[in-house]
Structure formats: structure tokens, C-alpha cells
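Reading through the C-alpha cells given below for one structure.
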Protein chains: 2
Amino acid sequence: MNTHICLSDRPEHLNRWRQAFPTGTVVATLSALSRTTGATTLVWLHAENLPQAHIDETLLEVRELFPDIRIVVLSSTPSQKEALLALNVGASGYCHAQSTPQMLQQVATVVSNGGLWIGPQLMTRVMAAAGRIFAPEPDHPGLKQLTPRENEVALAVGRGASNREVAEQLDITERTVKAHLGAIFEKLGIRDRLQLMLFLSRSGSSS
Amino acid sequence: MNTHICLSDRPEHLNRWRQAFPTGTVVATLSALSRTTGATTLVWLHAENLPQAHIDETLLEVRELFPDIRIVVLSSTPSQKEALLALNVGASGYCHAQSTPQMLQQVATVVSNGGLWIGPQLMTRVMAAAGRIFAPEPDHPGLKQLTPRENEVALAVGRGASNREVAEQLDITERTVKAHLGAIFEKLGIRDRLQLMLFLSRSGSSS
DNA sequence: TTCCTCCCTGTACTTTGGTACAATTGTTTT
DNA sequence: AAAACAATTGTACCAAAGTACAGGGAGGAA
């Protein structure tokens, strides 16, 4: 049996949600939420006119109260930007506050079973983005022919570090950094650190 | 009532799956799958010793047969790379073929309700990747506050051009390029062309 | 042992990048 | 009209990047 709690600053706009979860509870403040008893399985966050910047803060506070809880954010003005924000701080779902009761129940089912619910458009974008980042890894005639040390230097430069900074990070002389870079340039057939950055960004230098 | 069909090249390794879905059907070939009757809600793809390259092809063929079906890929040797591959061609889920029946049922619930099921580790990576791509957008008084000319210079530098090359491309003096770059650096609060490249690559100069 | 690669460093020099100070011209805003 | 901004260029200087030439130590392979 699932228990649903909705933290909302606009309870009057929750008709759909009440329909979907007649036994659910609506609270207006975090402290009310913290006084909740019983096994809550899902917390819904409805931040209608809170500025976006506060959604993630609220969400993090909820997660402090209930570390293992799954959280779905309801938005009256959904945007991919906002969705990413929510998901990045641990939300398991993000959907329109005026979704049909059926839809809301579906979201609840997915999320409470450990799934992630985001809109299909956003899903497309996320997967495309992920694909761009992970797919390029396999090929890579480039970085593989670099020695370990050269690789470190290349990655540091890829992060935008200057020769001096690389030297400090690797605890070597700036001169040595230059030596490594020279070897890198020759091996990769490029002319300078700018081309190296392009090379890296095209070759999936993720994490 | 859900109907589950599993396309597998190693039916003998599907004990767990059979436990989870006693009423499910196991088929060995695509043509057998195509002869299926009734309302199938979920197709499971178990490609144990097919090379990775063929998983996506098989998946696409299944999608041709059942355009609206949801597909979950079962892997005996799960990898994030393979997961991405599957998800990129339209799979709704990806999990270990030897997951517990409970887990498999959970995955089925999530996926058949429109959710996406990927492992928590992969989820973390995907969200991080997505965050890196989408998050920088909000704080983006960046490129918009550049003058048209500055924008051209910035883009040229983003392609790895030197000051001299930019000057030639825009038919202006190298000195002017420096002037524009100086303005760009100050407006964006960065120190040099390397940071500019990072800024650009993080600000969705994709597409 | 000898050869080779990797890693490290030095001096010196050239090229490129970035900043300071300054000025001209044209357009837009107030 | 005056002020503000955009685009352009100049001289000069300093900092950073890259290259040339050269050498030493550690470790594996022939």
C-alpha cells in the first residue's frame, strides 16, 4: 500500500492529484511534512510559484528528512531546464502538475518501483546527450598512443589548465610539461593546445 | 494483463525470467516472434553471445514488427556501453539477465508504465552527462551579451583558429581580433582562449 | 651489456597571446 | 546635440606557448 504526500504551495491546484490519490495527504510546509508519521513511499513536490532556484533546495531538505524516499516534482510550467535541475538533485520524476489522474498514477507506479519518469521529449534529449558522450569512447586511435604521463598532461590541458598549472598538478617542471606537450602534438598530428582541446572534446573526454 | 515475450538465443539461461513471468513465452528467432498473436505488452531481448553490434539491429527489427512495443534488453555481461547502445535505439530498459524474479517484475512494471529502467550507476552517469550539457544553459548571459562581431570572433576561436587566422577569416587586423577577444574575456569573466573554448563547448555549441 | 622508451630537466630563442593606453569613425540612444 | 556603444587600428610591452638542442636516470627488451 503506497502512501502519498504532496508538499504544495498551491493546494487549490491539486484537484487532479487528489483524484489520483484520494488517500494521499497534502501539506503546505516542510515542518508539516517532517511531522508525518507512517511509511511514506512517495513525496510529491509542487512548487508552483517558487523561483526555480529554490526547488532544488526544498528537494534536498526533503531528502534530508527522508533519505530513502523517492521524490516527484510537479511543475505547472514544465521546462527541460527545470526538469534537469530537479533530477540532478535526486528527483525520480518530473511531470506536469495538471496531468491526468491516470498519468499521475502511472508516474507513481514507475517511480515507486525504482524507475525514472521524465517526459519523452526530455528523454530523447538526455539519451542523445548521453550517446554523444559515451559513444565516441570506443574509437580513439589518438589517446591510446600516448604514454600514461602524456595522457595526464593532455587531460589537464583539456580542462583548460596552463602549462604552469599542469606542472603544479603533476608536480613537475613547466619545462617537462612542454616536453610532453610537444610529444603529444607530434603523435596526434596537431599544432597546439587549442587543437588538442578540440581533439579531446571530439573524442569523448568524459570524466 | 501483461503478456511477455522473450527473444533469446540461450533459453536455458532464462530460469529467473520464467519464474518472474510463468505465463510468458520464449521464442528463439525473429520470425517466431513475428508470428506471435495477441496483445504483447513487453518484448524482452536476451542476446547472450551475439556481438554487441547486432543487438541494436535486432532491436530495430523488433521495433519494425511492433512499432509501439516496449523493449527491455537482458544482458549476461552488462556494460554501460552496451546499455547506451540499446537505449539509443529505443530500448526502454536494460538489466542483468540473471536478476532476481522480483527485480525483473519490477522492471516490467516500470517499463510497461512508460518508465525507463537503467541501473543506478548508469543513471548517475547519464544524469551527470545530461547535467553538464543542459545545466550551463541557465546561467548564460554569456554569448547573448556579445556583440555580433564578438560572437563571430568567439566562434572562430572556438573552432581552434589563431588570432591570425581569425583576422584573415573576418578580413580585419590581428590587432582588432585581440580587441574583440579582450572584450569577450571581460564580458564572460574568463582569462584566455582556452577558457573560452571550455565555455563554448559547455554552452551547447552542439548540433 | 646494449638499445630503446619513458620521464625528467636545463638554456635559449621565436612566435603567439593578452593587456595598457590611445585614437578614429559611424550608429544608436537619450 | 551629447552620450553611449560598436567596430576598427596603432604602438608598445609582458606573459605564455612552443621549438631547438642537449643531457641524465630508470627500467625493460634484445
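The analysis underlying the following values was restricted to heavy atoms, covering all of them including side chains, and did not include hydrogens, waters or symmetry mates. Each chain gets a letter, A, B and so on, in the order the sequences are listed, and its residues count up from 1. Remember, it's a predicted structure, so these values are computed and weren't measured experimentally.
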### Query
Are His46(B) and Leu14(B) close enough that some pair of their side-chain heavy atoms sits under 4.5 Å apart?
yes
List, one per line, each side-chain donor-acceptor pair under 3.5 Å for residues 168-177 of chain B, sequence neighbours excluded.
none

CE of Met197(B) to CD1 of Ile190(B), rounded to nearest 0.5 Å, is 11.5 Å
Review point. Would a distance-only check, ignoring hydrogens and angles, find a side-chain to backbone donor-acceptor pair under 3.5 Å from Asn15(A) to Arg18(A)?
Key: no
To the nearest angstrom, the CD1-C1' distance between Ile172(A) and dG10(C) comes to 14 Å
Identify each atom pair where a protein N or O and an N or O of nucleotides 27-30 of chain D are less than 3.5 Å apart, giving names and distance.
none

Double-helix bend of the helix from dT1(C)-dA30(D) to dT30(C)-dA1(D), axes at both ends from 5 pairs, round to 10°, gives 40°
Glu165(B) CD to dT16(C) P, in whole Å, measures 10 Å
Which atom pairs link the protein and nucleotides 27-30 of chain C when you take only N or O atoms and keep those under 3.5 Å?
none

To the nearest angstrom, the NE2-C1' distance between His180(A) and dG18(D) comes to 15 Å
Rounded to whole Å, the CZ-P distance (Arg175(B) to dA22(C)) equals 13 Å
Atom CG of Asp171(B) and atom P of dT8(D) are separated, to the nearest Å, by 10 Å
Taken in chain and number order and not counting sequence neighbours, the residues that satisfy salt bridge (charged side-chain N to carboxylate O under 4.0 Å, His left out) with Glu12(B) are Arg10(B)
Would you indicate what Thr173(B) reaches in the nucleic acid, counting non-hydrogen atoms under 4.0 angstrom: base, sugar-phosphate, or nothing?
sugar-phosphate
Here the distance between atom C1' of dC7(C) and atom CD of Glu152(A), to the nearest Å, is 11 Å
When you check the phosphate oxygens OP1 and OP2 of dA7(D), does a side-chain N or O of Thr147(B) lie under 4.0 Å from one of them?
yes
task: Could you tell me whether Arg149(B) contacts a base, only the sugar-phosphate backbone, or nothing, with contacts defined as non-hydrogen atoms closer than 4.0 Å?
output: sugar-phosphate
Residue pair Arg193(A), Glu165(A): steps toward the salt bridge (Lys or Arg N to Asp or Glu O under 4.0 Å) verdict: CA-CA 14 Å; Arg193(A) 61 209 299 117; Glu165(A) 288 168 334; over 6 Å; no
- Query: Given side chains that start at C-beta, do those of Leu30(B) and Leu65(B) come closer than 4.5 Å, heavy atoms only?
  - Reply: yes
Once you measure the plane-to-plane angle for Trp17(B) and Trp44(B), does it fall in the parallel (<30°), tilted (30-60°) or perpendicular (>60°) bin? perpendicular
List every contact pair, protein side and nucleotides 15-17 of chain D side both N or O, where the distance is under 3.5 Å.
| residue | atom | partner | partner atom | Å |
| --- | --- | --- | --- | --- |
| dA16(D) | OP2 | Arg164(A) | NH2 | 3.0 |
| dA17(D) | OP2 | Asn163(A) | N | 3.3 |

Discussion item. Taking the side chain as everything from C-beta on, heavy atoms only, tell me whether Ile71(B) gets closer than 4.5 Å to Leu45(B).
Written reply: yes
Worksheet entry | Min side-chain heavy-atom separation Glu152(A)-His180(A) under 4.5 Å | no
- Message: Side chains of Ile5(B) and Val27(B), heavy atoms from C-beta outward: is any pair under 4.5 Å?
- Response: yes
Given side chains that start at C-beta, do those of Tyr94(A) and Val72(A) come closer than 4.5 Å, heavy atoms only? no
Taken to the nearest whole Å, CD/Glu186(B) to C1'/dA6(D) is 15 Å
**Request:** May I ask you to verify if any side-chain N or O of Thr176(A) is less than 4.0 angstrom from the OP1 or OP2 atom of dC7(C)?
**Result:** no
So what does Ala179(A) hit on the nucleic acid, given a heavy-atom distance under 4.0 Å: a base, only sugar-phosphate, or nothing? base
Rounded to whole Å, CG of Leu181(A) lies from C1' of dT15(C) at a distance of 16 Å
Self-check item: Close side-chain approach of Leu104(A) and Leu74(A), heavy atoms under 4.5 Å
Solution: yes
Query raised in the report: Quick one: does Phe185(A)'s side chain get under 4.5 Å of Gln195(A)'s, heavy atoms only?
Result: no
